[in-house]
Q: 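Pasting a structure below so you can have a look.
Since this is a predicted model, take the numbers as computed values, not measurements. Atoms considered below: every heavy atom in the structure, side chains included; atoms not considered: hydrogens, waters and symmetry mates. The chains referred to below are lettered A, B, ... by the order of the sequence lines, with proteins before strands, and numbering in each begins at 1.
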Amino acid sequence: MTSETVTPGPGTTDTPPYRYTAELANQIEARWQDWWEQNETFHTPNPVGPLADPEKLRQRGEKLFVQDMFPYPSGAGLHVGHPLGYIATDCYGRFQRMNGRNVLHAMGFDAFGLPAEQYAIQTGEHPRKITYENIAKFKRQLRRLGLAHDPRRSFATTDPDFYRWTQWIFLKLFNSWYDPQAQKARPIEELIEEYASGQRATPDGRPWEELDEVERRRIINDHRLAYVSEAPVNWCPGLGTVLANEEVTADGRSERGNFPVFTKKLTQWMLRITAYGDRLLEDLDLLDWPEAVKTMQRNWIGRSEGAYINFATPAGPLRVFTTRPDTLYGATYMVTAPEHPLVDKLIPEAWPEGIKPIWTGGYASPKEAVAAYRKQAAAKSDVERQTDKTGVFVGAYATHPITGAQIPIFIADYVLMSYGTGAIMAVPGQDERDWEFAEVFDLPIVRTVQPPEDFDVDNGKAYTGDGPAINSPATPVENGPDLNGLKVEEAKKAMIDWLVANGHGERAVTYRLRDWLFSRQRYWGEPFPIVYDEHGLPVALPEEMLPIELPELEDFRPKTFDPEDSESNPEPPLSRATDWVEVTLDLGDGPKTYRRDTNTMPNWAGSSWYELRYPDPTNSERFCDPANEAYWLGPRKEGESGGVDLYVGGMEHAVLHLLYARFWHKVLYDLGYVTSKEPFHKLINQGYIQAYAYTDSRGAYVPAEEVVEEAPGVYTWKGQPVKREYGKMGKSLKNVVTPDEMCQTYGADTFRVYEMSMGPLEVSRPWETRAVVGSFRFLQRVWRNLVDEYTGKSRVVDTPADEETRRLLHRVIDAVRRDMETLRFNTAIAKMIELNNRLTQIATDGAPREVAEPLVLMLAPIAPHIAEELWRVALGHEDTVAYAPFPVADPELVKGESVTYPVQVNGKVRTRIEVPADADEAAVRQAALTEEKVAALLDGREPRKVIVVPGRMISIVV
RNA sequence: GCCCCCGUAGCCCAACUGGCAGCAGGCAAUGGCCUCAAAAACCAUACAGUGUGGGUUCGAAUCCCACCGGGGGCACCA
């Protein structure tokens with residue numbers, strides 16, 4: 001292609017032959033997409049490794065790493081909602097490329113996971129085949145949008161070259177432990193060394209050398225960041241797999257599929273994310289993220305400070321966690337979770353004397369009552385649990401550590417085994433839940449914080465706010481602390497000091513966050529690089545064996561069960577690959593038979609580290625060369641987190657993906673593999689594109705594109721009235737619009753301009769196909785201003801623009817640059833339209849180059865194909881516009897010659913004055929006061945106050 | 001129940017964070033120009049006083065309080 005090549009138009013009888021029509025747009029776009037590919041326009045140089053290009057790197061400026069949350073390649077393909085973020089990052093990346101930045105931008109695929117497997121089950125095709133077909137489809141759709149991705153850096157999490165490193169990182173987790181002193185992960189060998197040298201005592205105190213191999217391994221295994229644990233997990237028979245807490249909804253169902261989830265004790269892989277609770281919390285402060293996302297993560301981690309307190313019981317100490325140790329004097333009973341291990345030891349043969357009948361639940365003995373209650377509680381859904389306070393007395397008492405009072409111990413399902421110690425001291429006076437329970441079981445209530453005067457004490461309720469302590473103690477007690485009069489915070493501190501001094505407890509911090517359940521009983525996931533030996537203990541496979549590839553299976557279906565069958569047990573599909581499961585290996589002790597782990601990793605695994613692969617996607621020696629990691633992700637200033645410079649994706653990943661990725665990144669940081677503390681420095685959540693859907697009189701959805709708006713708010717489909725709904729875009733709602741259709745009808749550039757001009761990136765908005773034409777007309781007008789529609793020749797002339805147009809041009813450049821930097825593409829486009837409208841007025845005899853050229857340059861990030869074409873055909877340049885410098889405004893021209901000030905008198909605008917732009921405040925004031933109308937209104941009086949807001953307005957108070 | 005975000009022309013959105021609400025922009029509407037007619041393109045026009053009610057201020061879409069409407073998150077986490 002040369003600059004002489006005129007772009008041929010389709011030329012019908014009615015349309016001028018070189019008009020910017022959809023056909024022409026499509027031709028231009030396809031041509032430039034090929035050109036970029038052939039000329040490797042968007043290949044980004046690395047400092048080292050296979051993608052290194054020192055010469056290119058020298059030419060480019062400071063690095064910029066932009067990333068999208070990569071898609072799951074579903075069979076349905078993209079609809080117009082998906083590319084919103086991709087286009088935004090592309091516009092930003094292209095803009096910064098024109099500012100000389102070395103921009104890394106690419107797109108991978110999050111391709112493991114349930115949908116491919118479920119689709120595979122329906123069709124009988126192998127998930128791999130389906131996945132790679134879908135990826136090819138996505139790539140075609142994405143290419144058509146003209147995204148400036150480096151094609152060499154695309155990957156899928158299902159590529160063995162990729163998941164090899166997912167497995168490698170898992171081995172690092174397995175071979176590391178968290179050192180609370182150093183507050184970081186360390187290699188497991190260093191822990192073994194501490195035990196071997198005696199620096200660290202073994203759990204039962206025996207010397208390390210006296211322990212046999214299996215004992216030693218068990219001790220070490222308990223410290224690993226990836227560990228096998230028999231723990232209560234979320235078993236979902238309907239899906240045939242266990243799920244992470246994060247994948248279970250509040251009402252106890254699976255997020256995917258909405259099947260019931262049961263708690264079941266199973267042996268599963270866990271990742272010790274809780275060790276990182278504090279750092280995951282603290283380092284949020286280093287991140288430029290939406291406050292809402294930070295808040296959600298803080299809530300999810302759920303750090304609370306308080307104390308452990310031990311209560312003596314006949315079966316030994318009962319340990320509770322409380323955030324309100326100051327209310328200990330108000331503890332009138334105890335509650336443990338139904339499954340608390342101490343309960344069985346506490347239960348006496350018979351009910352004690354003198355208890356209230358309601359405590360027994362009507363059972364003859366504590367044993368029966370507890371057994372019955374446990375059964376009842378297990379059968380209840382979480383929602384049912386919330387409606388009423390239920391429980392039963394276990395028949396035993398605890399001793400209050402200060403007063404020595406005997407207080408009854410209950411089991412109740414409002415106390416969760418999985419939080420704190422699974423037991424609480426109940427303080428009804430200061431806790432609403434305890435108050436409700438106390439009312440049901442007729443238990444004493446003691447207020448230990450004085451409620452304020454406007455608190456309705458008579459209508460009775462717990463008071464949870466601040467105030468002076470009372471009844472603490474109610475009557476003097478021997479050596480108990482006197483908290484009376486202290487505010488909550490002071491009282492907490494005094495009580496903790498007392499508990500510590502008297503050996504009744506200690507200061508404590510707990511988290512809501514729990515360790516990450518990391519096994520799934522599915523086929524389409526990463527296999528674990530783990531085998532089990534004759535002791536049933538896990539053994540890491542050596543790195544050289546990676547990747548451990550998925551075995552071929554005749555039947556990769558998971559074994560699912562009746563969704564309600566809580567007694568079922570998971571049967572991973574991989575366990576059926578018997579040839580694969582049984583394996584003879586020489587792992588250092590000669591050839592032995594091992595059994596492979598038949599679980600697979602959850603589909604969060606690949607996305608937990610993929611930001612580290614874009615910088616070095618073809619590296620076969622490491623997951624990422626340290627030099628490439630430091631260049632693309634490393635912090636550039638002391639105290640910075642490092643990480644991706646701009647990460648754009650949906651709000652739905654606020655907790656799961658973003659927390660997991662932060663965790664893995666921090667582990668790699670601790671072990672010295674990366675220099676960045678955080679994976680993603682700046683995060684933006686793009687809004688959703690929503691769509692109208694229409695239902696007929698029977699409530700069935702009708703094709704949205706065939707619906708006609710008869711009058712405002714009145715819609716019909718084939719003559720019959722239909723009702724409009726508003727929601728997500730989807731097949732079932734018959735309202736899907738695809739980018740392919742839009743590209744076909746208007747071209748990719750129009751689609752890009754439209755998506756970016758609909759509103760700010762963060763805001764959700766409705767899709768309206770008929771409005772797209774506005775963006776099309778804009779590009780058409782730009783084209784017409786620069787290219788003769790009848791000859792295809794340039795209309796650009798070298799005559800200078802008039803002064804007014806020039807000033808407008810520079811104001812627009814100034815504003816567009818600011819808008820692009822802050823990703824406000826909607827306002828940037830509006831300014832360009834304004835400039836182009838001006839150009840339309842003055843360009844009757846050709847478009848002045850001094851306006852046309854900056855306009856094309858400013859347009860280039862958003863509508864890159866037409867910009868390339870105009871850059872070449874209309875403006876006569878030989879090379880791509882992708883690296884041409886983005887225009888810079890002349891500050892003198894931005895200012896304008898004069899400023900018009902509105903003049904307010906007593907809050908009302910009475911007149912306007914025009915003063916030179918460089919007039920000082922006194923001159924502006926003088927000009928305002930002497931203005932005819934103002935002088936008339938003042939009528940000789942002295943104004944009480946004159947406010948001059950430089951550049952804005954003048955306010956006079958009389 | 002608790003927490004967070006958002007309410008500006010018929011619709012999507014601007015308004016440089018307290019300073020003239022729209023010659024920011026677009027869709028739709030109306031009129032015009034073309035045309036035998038229409039479409040496309042082009043030109044022009046009108047449309048809200050900022051969800052409601054108070055408050056602070058010389059001045060509020062913007063800050064504060066209450067309420068209404070929409071969206072999202074959390075929900076026995078001791």
Q: Under 4.0 angstrom, heavy atoms only, what part of the nucleic acid is A:Ser955 near: base, sugar-phosphate, or nothing?
A: base

Q: Do the side chain of A:Thr805 and the main chain of A:Ala801 share a donor and acceptor less than 3.5 angstrom apart?
A: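 No.
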
Q: Would you mind checking if A:Arg319 and A:Glu506 are paired as a salt bridge, meaning a charged N to carboxylate O distance below 4.0 Å?
A: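 Yes, A:Glu506 and A:Arg319 are salt-bridged.
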
Q: Does a side-chain heavy-atom distance below 4.5 Å link A:Thr390 with A:Tyr373?
A: yes

Q: Regarding A:Glu804 and A:Arg806, does a basic nitrogen lie under 4.0 Å from an acidic carboxylate oxygen?
A: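 Here A:Glu804 does not pair with A:Arg806 in a salt bridge, since their nearest N and O are not under 4.0 Å apart.
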
Q: Distance check needed: B:A78 P versus A:Phe437 CZ, whole Å only.
A: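 About 19 Å, once rounded to whole Å.
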
Q: If I pick the C1' atom on B:G10 and the same atom on B:G71, what distance separates them, to the nearest angstrom?
A: 22 Å

Q: Sticking with atom C1', work out how far B:U45 lies from B:A28, rounded to a whole angstrom.
A: 14 Å

Q: What's the closest nucleotide to the side chain of A:Arg765 if the choices are B:C42, B:A78, B:C13?
A: B:C13

Q: Given B:G19, B:G25, B:C27, identify the nucleotide with an atom nearest to the side chain of A:Ala830.
A: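 It is B:G25.
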
Q: Checking contacts here: which listed nucleotide (B:A41, B:C13, B:A78) is nearest the side-chain heavy atoms of A:Val415?
A: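 Closest nucleotide to the A:Val415 side chain: B:A78.
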
Q: Rounded to whole Å, how long is the line connecting atom CE of A:Met296 with atom P of B:C74?
A: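 Rounded to whole Å, this separation is 6 Å.
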
Q: Salt bridge or not for A:Asp431 and A:Arg324, using N-O below 4.0 Å?
A: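 Answer for the salt bridge query: no.
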
Q: Given B:G19, B:A41, B:C13, which nucleotide is nearest the side-chain atoms of A:Val763?
A: B:C13

Q: Counting heavy atoms from C-beta on, name the nucleotide in B:A41, B:A78, B:C13 closest to the side chain of A:Asn826.
A: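 That would be B:C13.
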
Q: Determine the Euclidean distance between corresponding P atoms of B:A14 and B:G25; express it in Å to zero decimal places.
A: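 14 Å, rounded to whole Å.
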
Q: Would you indicate which nucleotide in B:C11, B:A78, B:A41 comes nearest to any side-chain atom of A:Thr322?
A: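 For the A:Thr322 side chain, the nearest candidate turns out to be B:A78.
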
Q: What is the separation between atom CE on A:Met651 and atom P on B:G72, rounded to the nearest whole Å?
A: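 Atom CE in A:Met651 sits about 11 Å away from atom P in B:G72.
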
Q: Using the C1' atom in both, what is the distance from B:G32 to B:G70, to the nearest Å?
A: 41 Å

Q: Measure from OH on A:Tyr414 to P on B:A75 and round the result to the nearest Å.
A: 19 Å

Q: Contact class for A:Thr510 (heavy atom, under 4.0 Å): base, sugar-phosphate, or nothing?
A: nothing

Q: Could you please name the partner base of B:U17, counting Watson-Crick and G-U wobble pairs only when both distances are under 3.5 Å?
A: none

Q: Just checking A:Phe441 against A:Phe410, ring centres under 6.0 Å apart?
A: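 Between A:Phe410 and A:Phe441, which both carry aromatic rings, the centre distance is below 6.0 Å.
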
Q: Out of B:A28, B:A14, B:A78, which has the shortest distance to the side chain of A:Arg777?
A: B:A28

Q: Distance check, C1' atoms only: B:A9 and B:C27, in whole angstrom units.
A: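 Taking atom C1' in both B:A9 and B:C27, they lie 13 Å apart.
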
Q: For B:G59 and B:G19, measure between their P atoms and round to the nearest Å.
A: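 The same atom, P, in both gives a distance of 14 Å.
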
Q: Nearest nucleotide by nearest heavy atom, which residue falls closer to the 5' end of RNA chain B, A:Gly774 or A:Gly302?
A: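 Between the two, 5'-proximity favours A:Gly774.
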
Q: When we call it a touch if two heavy atoms are under 4.0 Å apart, what does A:Ser304 touch: a base, just sugar-phosphate, or nothing?
A: sugar-phosphate

Q: Side chain of A:Glu834 only, please: which of B:C12, B:G25, B:G19 is the nearest?
A: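 Output: B:G25.
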
Q: Nearest to the A:Arg512 side chain among B:C74, B:C13, B:G25, which nucleotide is it?
A: B:C74

Q: Rounded to whole angstrom, note down the P distance from B:U52 over to B:U57.
A: 23 Å

Q: Looking for any heavy atom pair under 4.0 Å, which part of the strands does A:Ala771 touch: base, sugar-phosphate only, or nothing?
A: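 Sugar-phosphate, backbone atoms only, no base.
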
Q: What is the separation between atom CD on A:Glu762 and atom P on B:C6, rounded to the nearest whole Å?
A: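 Result: 11 Å.
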
Q: Looking only at side-chain N and O atoms, does A:Thr464 offer a donor or acceptor that is under 3.5 Å from a partner on A:Glu432?
A: no

Q: Closest to the A:Thr827 side chain: B:A78, B:C43, B:A14?
A: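 Closest nucleotide to the A:Thr827 side chain: B:A14.
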
Q: Please give the distance between the P atoms of B:G31 and B:A38 as a whole number of Å.
A: 12 Å

Q: By the 4.0 Å heavy-atom rule, please label A:Ile947 as base, sugar-phosphate, or nothing.
A: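 Base: the residue A:Ile947, judged by heavy atoms under 4.0 Å, touches a nucleobase.
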
Q: Rounding to a whole Å, what distance do you find between A:Glu652:CD and B:G71:P?
A: 18 Å

Q: Taking syn as any angle within 90 degrees of 0 and anti as the rest, which one fits B:G69?
A: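 That one's anti.
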
Q: Check the distance between B:C12's C1' and A:Leu84's CG and give it to me in whole angstrom.
A: 14 Å

Q: Which nucleotide, if any, forms a Watson-Crick or G-U wobble pair with B:U56, using both distances under 3.5 Å?
A: none

Q: Mind telling me whether B:U56 is syn or anti, cutoff 90° either side of 0?
A: anti

Q: For B:A41, does either OP1 or OP2 sit under 4.0 Å from a side-chain N or O belonging to A:Arg784?
A: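 So the side-chain polar atoms of A:Arg784 never come under 4.0 Å of the phosphate oxygens OP1 or OP2 of B:A41.
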
Q: Should B:C74 form a Watson-Crick or G-U wobble pair with both distances under 3.5 Å, which nucleotide is its partner?
A: B:G1

Q: Look at all strands and tell whether A:Glu432 reaches a base, only sugar-phosphate, or nothing, counting heavy atoms closer than 4.0 Å.
A: nothing

Q: B:A46 pairs with which nucleotide, Watson-Crick or G-U wobble, both distances below 3.5 Å?
A: none

Q: Less than 6.0 Å separating the ring centroids of A:Tyr754 and A:Trp767?
A: yes

Q: Pairing check on B:G69: which nucleotide meets the Watson-Crick or G-U wobble criteria with it, both distances under 3.5 Å?
A: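 Across any shown strand, B:G69 pairs with B:C6.
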
Q: Select from A:Asn299 and A:Gly759 the residue whose nearest nucleotide in RNA chain B is closer to the 5' end of that strand.
A: A:Gly759

Q: Taking the ring of A:Phe437 and the ring of A:Tyr333, is the distance between their centroids below 6.0 Å?
A: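 Between A:Tyr333 and A:Phe437, the centre distance is under 6.0 Å.
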
Q: Whole angstroms only, please: what is the CG-P distance between A:Leu656 and B:G73?
A: 12 Å

